[in-house]
Amino acid sequence: MRSLFLMNILLTLVWAALTGKFDYGNFIFGFILSYAVLWVITRGTDRAKYFSRVPKILVFFGFFIKELIKANIQVAYDVITPRNYMKPAIVGIPLDAETELEITLLANFITLTPGTLSMDVSDDKKTIYVHAMYVEDKEAFIQSIKNGFERKLLDILR
Amino acid sequence: MNTIILKTASKYLLPLLLLFSIFVLLRGHYLPGGGFVGGLIAAIAFVLHAFANGLPHTQRLMRIHPGFLMPFGLAISTISGMFPMLLNQPFMTGVWKKDPVPVIGSLGSALFFDIGVYLVVIGASLTILFTISETR
Amino acid sequence: MDSAVEKLPILFVCILLYIIVLAIPSVRKNGVRSRLSPLIPIGAFLFFLLGFDGSKQTAVLWSHELLPTQLSFTVDGLGRLFALLITGIGSLIFIYANGYMKGAKYTQRLQSFLLLFMLAMLGVVLSDDLIMLFIFWELTSISSFFLIGFKNEDEASRKSALQAIAITGLGGLVMLGGFIILGEIAGTYSIAEMSNPEVIAAITSHAWFAPMLIFILLGAFTKSAQFPFHFWLPGAMKAPTPVSAYLHSATMVKAGVYLLARFSPVLGDTLIWNTALISFGGVTMIYAAFQALFRTDMKSILAYTTVSALGIMVFLLGLQSSDAIAAVSLFILVHALYKASFFMLAGTIDHETGTRDISKLSGLKTAMMPLFIVGILAAWSNGGVPPSVGFLGKDLIYESTLAFPGLNYLFTGISVLTNIMLFAAGLLVGWLPFRGQKISHKDIHLPTPSLWVPAAVLAVLGMLFGLFPALINDSLINPVATAISGNTENIHLKLWHGFNTVLYLSLLTMGLGVLTYAIIRPGARLLGFIEYAEQFGPKRLLHAIANGFIQSSDWVTKTLQNGKLRIYLLVILGFLVLILGYVVLSETTFTIDQEMLTNITIYEGITVGILFISVFLTLFSGSRLAAVAAMGVIGYTLCIIFVFYSAPDLAMTQFTIDTLTVILFVLVLYRLPRFIRLDFSPRHILDGLVALSVGGLMTIISLEVLQRMPEREISDYYALNAYLLAKGKNVVNVILVDFRGADTMIEIVVLSIAAIGVYSLLKLRLRKNEKME
Amino acid sequence: MSTNEYLYMIILPILSVSILLVFVRFIIGPGISDRVVALDLLITIGIGIMSIYAIVSDKASFLDIAMIFALIAFLGTIAFSYYLEKRQRDD
Amino acid sequence: MTDIWIVVLSTAGALFILLAAVGILRMPDFYMRVSVTTKAATLGVGLILVASTFAFKDFSVTSRVLAILVFILLTAPVGAHMIGRAAYFIGVSMWNKSKLDDLEDKYDKKSHKLK
Amino acid sequence: MIAHVVIWPILLPLVSAIVLMFFWNQSKIQRYITVLGHGITLLASFWLAMRTYSGDILTLNAGSWSAPYGIVFVADALSGSLVLLASLAAFCVGLFSVVSIGQGRASFGYFPILQFLLMGLNGSFLAGDIFNLYVWFEVIIISSFVLITLGSEKAQLEGAIKYVTMNLLASVIFLTGIAMLYGLLGSLNLADLSLKISQSEDNGLINTAAVLLLVGFGIKSAIFPMYFWLPASYHTPPAAVSAIFGGLLTKVGVYAMIRVFSLLFIDDPFIRGILIVLAVSSMVVGAMGALVQQNIRKIFSFLIISHIGFMIAGLGMFSTIAVIGMVFYLFHDIIVKTNAFMISGLIYKLRGSFRLENLGGMYNRYPYLSIMFALALFSLVGTPPLSGFWPKLFLLKASFNDLNWWIIGGIIAASFLTLIAIIKIWLAAFWKKHPNYAEAKKRIVWYDLPKIQKFTILLPIAILTFVSLYLGLNASRVVEICQLVADQITQPSVYIDAVLSNPVNQP
Amino acid sequence: MEILLAMTIGLLYAAGIFLILRRSMVRLIIGLILLGNGANLLIFLLGRISKGKPPIIPEESKVFLDAYADPIPQALILTAIVISFGLQAYAIILVKRAYRVVKTDDIEEMITTDEI
Ligand code: NA
Ligand code: NA
């Protein structure tokens with residue numbers, strides 16, 4: 001899979017060199033073009049995973065941005081209005097993610113979302129502790145994370 | 001520090017930052033940057049790594065004591081400064097290769113000089129920071 | 001053929017070589033080098049005796065256009081007499097010393113210092129150049145320091161040596177000041193050239209004449225142990241006797257007299273000269289003679305009589321009459337002869353009996369008959385009893401005092417009084433130890449001839465010259481007087497002048513002298529009395545001054561160097577504020593032309609505002625971390641300022657460095673204690689004032705500079721050529737690595753050193769034996 | 001109003017005000033950790049200001065400073081955290 | 001067209017930053033301040049950076065901006081995590097209306113190991 | 001022809017230092033390299049000095065950029081002489097260190113930093129650009145910081161706090177002065193600045209720069225009332241370190257003052273008045289301090305302060321005669337002060353203490369060594385005809401021509417007190433019996449040293465004693481050089497022409 | 001703006017001096033750092049400030065087409081900053097070491113080397 005990605009990049013560069021235009025439009029066009037070519041030539045092998053992953057990544061980013069904006073608005077409302085609606089808590093969330101990369105990415109995405117902050121990961125890598133500003137119900141919160149970021153992330157990575 | 005989040009991040013940050021530092025070094029003659037800032041960025045890369053993984057780990061990674069980068073860097077800078085003297089030109093006179101090189105632009109003694117600066121800065125800052133970290 | 005004076009350097013080099021020969025280590029005591037050493041002064045004596053006739057010979061042997069000095073010698077009557085005394089008595093002393101130091105440690109060392117001293121003295125009396133004279137003059141002080149402190153493990157010796165060099169050293173330096181003024185006024189450093197009447201007129205009429213003369217006199221007076229600087233000389237008796245005999249009879253102490261005599265034609269016969277010499281000489285001669293009578297140590301008596309004799313010479317030089325000059329010319333010789341015999345006699349007695357205390361000595365006559373004769377002869381000459389040469393001397397003294405207009409009775413009176421006391425003192429040394437009951441010094445016998453023959457030679461010479469004054473009249477004394485007065489003198493020494501006042505005075509002197517001797521009973525009681533009295537004397541005073549000076553030095557040093565960094569910094573900054581403030585207030589005008597300045601935008605205002613607040617946070621925060629963080633913010637705001645004002649490289653670097661510094665602090669703070677509580681105290685007001693003054697001045701001067709048109713010539717050159725010649729577009733970077741690349745080269749060196757420093761500061765642990773290297 | 005004027009008159013002041021607000025937090029603390037976060041935020045806003053400034057002055061080189069800022073701010077935060085943890089553990 | 005993008009993006013960015021600034025002042029405890037600020041500011045700066053790519057429309061500028069963005073996205077959460085964790089160690093307490101603390105007593109006092 | 005020789009006294013120590021850093025832990029190899037490096041530097045410096053004595057002012061335009069655009073290194077007779085003396089002193093101290101510096105310090109950078117220090121010194125003497133001079137100063141101070149604390153003994157650190165603070169303050173003030181000059185005149189090249197100042201009418205503002213530089217250099221050269229760091233620290237590091245410090249560090253400050261003031265500010269009567277007041281105060285206060293100290297090295301430290309006064313007095317008067325005296329004194333002082341501190345180190349090796357009350361017995365035990373020491377010490381006093389005497393002569397002459405009683409008095413008083421201070425050392429360390437030899441013997445390492453090491457440690461002292469004898473006894477040659485220096489620095493136009501008219505091939 | 005910057009410079013000098021006069025070594029170092037900042041800003045200001053004109057030659061040309069900020073002060077400050085960094089790092093460590101050895105942060109207790 002990695003070599004496919006590299007091949008994709010390489011082909012993109014070749015495209016850029018051939019066309020002699022080093023700008024973003026041309027790069028993106030070259031990338032899509034070579035992606036398509038690769039998709040065609042590797043169809044039917046188990047490598048095809050690579051090709052389903054790229055759209056998944058795009059979806060994940062969309063999800064992330066949605067979460068980001070939603071949370072920001074929630075927080076903004078709280079910040080701007082005089083009353084505080086927060087119900088903060090530190091919640092331990094059991095992890096399905098296993099590798100360091102998985103855990104780190106998850107933690108970072110959690111942190112990047114307003115209102116939540118990854119505090120630490122237990123030494124056995126089984127639990128992640130998250131500080132959250134709006135915890136109505138602990139279990140619901142845990143589920144929202146597990147079904148949200150974690151699942152989508154693992155989907156991409158595995 | 002005992003956090004896999006930082007550890008993992010530093011694993012990816014180290015090569016990224018080193019690359020970045022070389023980039024900053026090479027473009028200094030044309031745009032903001034240069035050996036000094038470049039060197040500092042490289043040093044910071046290692047420092048981050050040391051914060052995350054512990055100093056011994058980083059030192060193993062570097063293989064030599066960072067202090068030895070200083071004589072290397074000084075030697076490179078000095079030689080690039082003295083090289084023109086072989087051609088009977090004053091100390092530090094710029095000597096340039098005729099044709100430009102891609103990415104870097106004109107290749108000249110000034111670049112080697114800046115590379116020396118880069119190495120010294122890495123060596124010196126890391127020596128300072130590492131020494132402090134490992135001493136009580 | 002070269003004249004003799006041009007061969008002087010050869011003589012000097014020979015002496016120097018022998019000094020080195022003596023200084024080379026030797027396993028054997030009293031080796032052959034030591035025993036041959038008298039040959040050097042003897043040779044030199046013969047050189048001066050035969051090579052010169054008393055007429056003036058001058059030679060410039062070496063000079064250099066840029067040096068204010070030249071190697072030039074003058075040998076005239078005065079110089080020759082001194083040279084003869086130095087080498088002649090020197091010869092005898094060397095012979096004597098060989099006997100005296102037999103079997104003692106460090107004989108060669110003593111001899112080499114003695115030779116060095118002799119060399120220096122010859123230089124003093126023969127140099128024509130002021131600076132050269134001073135060089136030799138200082139060399140006498142230094143070599144006598146080593147001689148006086150010869151018994152270096154004895155504390156009293158060290159103290160005396162210190163005293164001697166302190167007084168003669170100070171005098172010498174002051175004299176140097178005088179010499180320079182004299183040389184500059186005269187336009188020459190050659191003494192011979194100064195005797196030109198025009199030059200003399202120029203000198204004596206110059207505004208700085210008085211201080212110059214006083215400076216020179218101070219040098220002469222200290223060296224010649226004039227009151228109140230006299231006390232170093234009796235102290236110097238801690239040296240071995242050959243040294244005392246040499247230094248204090250013929251040579252060093254007379255250097256001052258020589259100097260006065262030498263300058264007499266140039267500086268003499270002026271009001272200051274006469275007043276100073278007469279008063280200091282007069283006081284010295286009578287004061288020291290009186291002191292001598294109370295002493296029990298033979299060398300001590302001799303020391304005081306020497307001081308007194310020197311006083312007489314100075315006094316006579318102050319009188320400036322022909323008679324006085326004749327008297328001093330003769331007295332220099334007379335005194336050298338008898339005083340050297342006395343000293344050697346005292347040394348021999350000490351050497352044989354183990355004591356020099358006259359209250360403990362008696363009846364040595366039988367055991368030491370030849371020495372007794374020496375004593376009698378020396379006392380004879382000392383007392384001025386006919387037909388000794390001393391008589392001739394004393395005659396001339398009385399004649400000159402009697403002839404002095406106005407104060408003749410006073411001067412004659414004190415001369416007589418002095419001589420009476422000196423007469424008695426002479427008997428105490430030359431007579432008293434030999435007569436009376438023989439006391440319990442076992443095995444006292446006549447020592448080897450080298451311990452008494454030299455003394456005898458001098459004593460006999462004293463008698464001989466008295467009987468046959470013609471021996472010395474034309475060959476020695478007349479040329480001396482000529483040199484001192486600057487005019488040709490015609491002295492006729494003779495024993496018998498007929499019955500006149502002078503003769504009566506001589507007789508009076510002798511009679512009262514004998515009477516005094518009869519009354520004086522030296523012993524602990526008298527000694528105790530005079531030592532008590534000395535507490536009120538000048539020695540005590542000078543010591544008090546010296547101690548006071550040391551104490552004030554102590555105070556000054558401890559006050560200034562008090563260990564408090566804050567005070568040091570306050571002094572430095574206070575000084576800066578003072579002079580900078582003065583310049584700003586008095587030499588610049590403060591105006592601000594708004595045209596030259598740019599206006600302030602909101603975000604700049606905010607940036608600076610944050611900076612200000614951070615500064616205050618740094619100043620007054622009780623938490624170190626907060627202070628450090630605030631310091632970081634200050635750096636960041638500067639960074640923003642650099643961004644606003646077109647300095648991207650600067651901003652990057654400042655930002656990086658600032659952060660690294662904060663990190664360093666943080667890593668280090670973790671081991672440091674918390675701040676000492678910052679209670680308000682008056683010191684804050686002072687510190688704040690100084691700080692605000694500096695800050696205010698910086699603001700003012702920087703605004704003033706901004707009122708000037710900037711000079712951009714060099715920047716423009718850089719900007720124009722950065723790409724064309726140095727192939728770079730970031731001009732700042734091009735400056736750093738090319739136009740001013742040398743700075744950067746050095747800068748990375750600084751960084752490397754700092755890193756090494758940090759590394760070694762934290763890592764190096766010394767082993768015990770390496771702590772102090 | 002041109003874009004540049006808009007950035008200059010509206011955006012920069014907003015960012016400046018933000019800086020001021022954060023700076024207040026920096027001053028009042030109360031804990032060192034608050035100050036560290038405030039400092040970090042100050043620098044982040046600084047990056048924003050520099051980007052705007054780069055647009056306004058049409059000098060892309062200011063973006064490079066922003067880059068360095070981002071890098072260093074992170075290191076500062078890490079160092080302070082390191083320090084705080086270490087201090088706590090060693091006490 | 002470009003100008004509109006610039007104005008919109010920079011305005012949004014500035015507002016997010018302002019939000020972060022107000023947030024850091026107003027939030028009652030340290031953890032919430034971190035929670036609010038890191039992301040709002042990151043988002044805000046990101047938007048402004050993107051605005052600048054529109055202003056320059058230059059390959060090298062855009063790539064630099066991308067680099068900065070990647071870098072910020074990589075480091076900002078790690079930094080927040082680190083300081084939050086450190087604060088917890090030194091005993092910075094949570095807001096008094098906080099609901100629960102799963103971390104309580106989970107740290108080994110000496111080694112800082114987390115169960 | 002390009003005068004490469006100008007840069008060698010800078011590059012050779014740098015190269016040596018780099019080589020030494022590669023042999024970081026191998027203290028034995030380091031010792032050989034040290035001697036070799038210092039030796040070669042000395043030869044190059046000698047060659048440079050001899051070339052400047054022909055009367056030429058050699059310049060080297062670094063990077064081929066002609067002055068005032070690039071950094072120029074300038075060697076006139078003054079710079080040439082000082083480079084020679086610095087290299088000589090460093091060579092001697094290097095030799096001395098080879099034996100006296102132990103494994104511990106040697107493995108932590110002592111030898112490379114000694115080279116860096118020499119590089120800084122030579123660089124300062126050759127700098128023709130004021131900012132470059134500042135950078136060289138920083139090399140010197142950071143090297144000196146490291147050397148003074150190397151070993152981290154309590155006294156070293158206490159002294160270093162003061163030393164570091166005041167030197168950093170001096171640097172800031174110096175930098176402030178540079179800022180003023182650049183802001184007013186837009187140049188950094190000394191020759192160019194000199195020209196521009198002579199054409200400028202902004203005397204008041206230029207004087208503020210002068211005052212700032214006066215204080216900046218004043219702190220570095222330890223003149224009254226800015227000397228406090230010196231007695232607080234110079235006696236704390238190893239003797240070899242205090243030798244090179246005592247001989248050269250303050251002299252760089254003096255040199256900077258001479259160079260900068262003679263080119264830029266000396267025409268101003270206010271500045272000269274201040275210089276003279278400070279000079280006389282330094283002479284007296286320093287000597288008073290020396291009088292009461294009990295530690296040999298502190299006595300020498302205070303004497304440094306006192307004798308700096310002589311040189312500053314010469315600068316204040318600034319007649320040809322005065323400059324001759326000042327420059328001669330500068331030459332003399334470098335040699336004798338270096339030697340004095342090395343001697344104190346040797347005394348420590350022989351007797352186990354620096355304090356007078358714990359010393360004694362040297363004269364009888366080591367008579368010939370004592371004579372050598374005496375020669376060195378009396379040179380320091382200025383006993384004629386040794387080296388210290390001649391410059392005083394010229395200074396006295398100059399002060400008479402200036403009709404300045406204060407300087408005459410100051411010189412006489414300071415010389416006298418110096419004499420007493422030295423005599424005090426002599427009496428206590430040499431003449432007196434050792435108060436407690438059995439106890440001290442435990443600290444004395446001398447007896448264990450092999451003969452070759454004893455020789456190596458004595459050799460530098462002998463060399464410097466010989467040189468100071470040479471300076472005194474061949475004063476006429478020295479004065480010729482000083483006259484050349486005086487001609488060059490009292491007529492800045494010579495220097496300016498040499499620097500600014502140098503044709504350079506642009507790359 | 002120059003007036004404001006000049007006042008900033010004055011304030012930095014004053015604060016630096018006030019801090020180096022304190023008894024605490026830590027404050028001393030901070031003071032020295034502030035002084036260094038003040039000096040750098042002074043060089044910057046006296047080299048004349050100009051807004052938005054970094055001394056970087058535009059990509060498309062070989063020389064400056066319009067005004068540019070004076071690059072010399074910038075280069076000087078860069079050098080000065082780096083040097084100060086070395087010195088300050090050293091000084092900070094010195095303080096640490098001195099504290100370990102002398103066992104106090106109080107400068108006024110460090111007077112033994114000045115005693116006679
Ligand atoms: Na650069
Ligand atoms: Na630089």
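So you know, we letter chains A, B, ... as the sequences are listed, proteins then strands, and number each from 1.
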Please check: side-chain N/O of [X] versus main-chain N/O of [Y], any donor-acceptor pairing under 3.5 Å?
X	Y	answer
Lys62(G)	Leu720(C)	no
Gln74(G)	Ser646(C)	yes
Arg97(G)	Leu761(C)	yes

| task | Could you tell me which residues in residues 657-666 of chain C have at least one non-hydrogen atom under 4.5 Å from a non-hydrogen atom of chain G, sorted by residue number? | result | Ile657(C), Leu660(C), Thr661(C), Leu664(C), Phe665(C)

| message | Do the side chains of Glu604(C) and Lys51(G) get close enough for a salt bridge, i.e. N-O under 4.0 angstrom? | response | yes

| said: Under a 4.0 Å threshold between the charged nitrogen and the carboxylate oxygen, would Lys564(C) count as salt-bridged to Asp114(G)? | reply: no

| field | Which portion of Ser61(G) sits near chain C, non-hydrogen atoms under 4.5 angstrom | value | backbone

| task | Applying side chain to side chain donor-acceptor pair (under 3.5 Å), name anything that partners Glu713(C), two or more places apart in sequence or on another chain. | result | Tyr69(F)

| query | Which atoms of Asp716(C) come close to chain G, meaning under 4.5 Å heavy atom to heavy atom: side chain ones, backbone ones, both, or neither? | reply | both

| query | Given that the side chain runs from C-beta out, which part of Val705(C) has a heavy atom under 4.5 Å from chain G: side chain, backbone, both or neither? | reply | both

| message | Let's go through Thr79(G) and Leu736(C) carefully: what are the C-alpha distance in whole Å and the side-chain angles of both, what is the deciding distance for side-chain contact (heavy atoms from CB on, under 4.5 Å) to 0.1 Å, and is it a yes or a no? | response | CA-CA 8 Å; Thr79(G) 307; Leu736(C) 286 176; 3.6 Å; yes

| Closest non-hydrogen atom pair, Leu21(G) against Arg566(C) | O-CD, 3.2 Å

| query | Judged by modelled atom types alone, do Asp70(G) and Ser715(C) share a side-chain donor-acceptor pair under 3.5 Å? | reply | yes

| message | The criterion is ring pair (Phe, Tyr, Trp, His ring centres under 6.0 Å); which residues satisfy it with Tyr68(G), sequence neighbours excluded? | response | Phe64(G)

Show me the side-chain donor-acceptor pairs of residues 749-760 of chain C shorter than 3.5 Å, one per line, residues at least two apart or across chains.
| from | atom 1 | to | atom 2 | distance (Å) |
| --- | --- | --- | --- | --- |
| Ser752(C) | OG | Ile748(C) | O | 2.8 |
| Ser760(C) | OG | Ile756(C) | O | 3.0 |
| Ser760(C) | OG | Gly757(C) | O | 3.1 |

| message | Go through it in stages, so that I can follow the logic: the residues are Leu650(C) and Leu78(G), the test is side-chain contact (heavy atoms from CB on, under 4.5 Å), and I'd like the CA-CA distance, side-chain angles, deciding distance and then a yes or no. | response | CA-CA 6 Å; Leu650(C) 256 187; Leu78(G) 268 177; 4.0 Å; yes

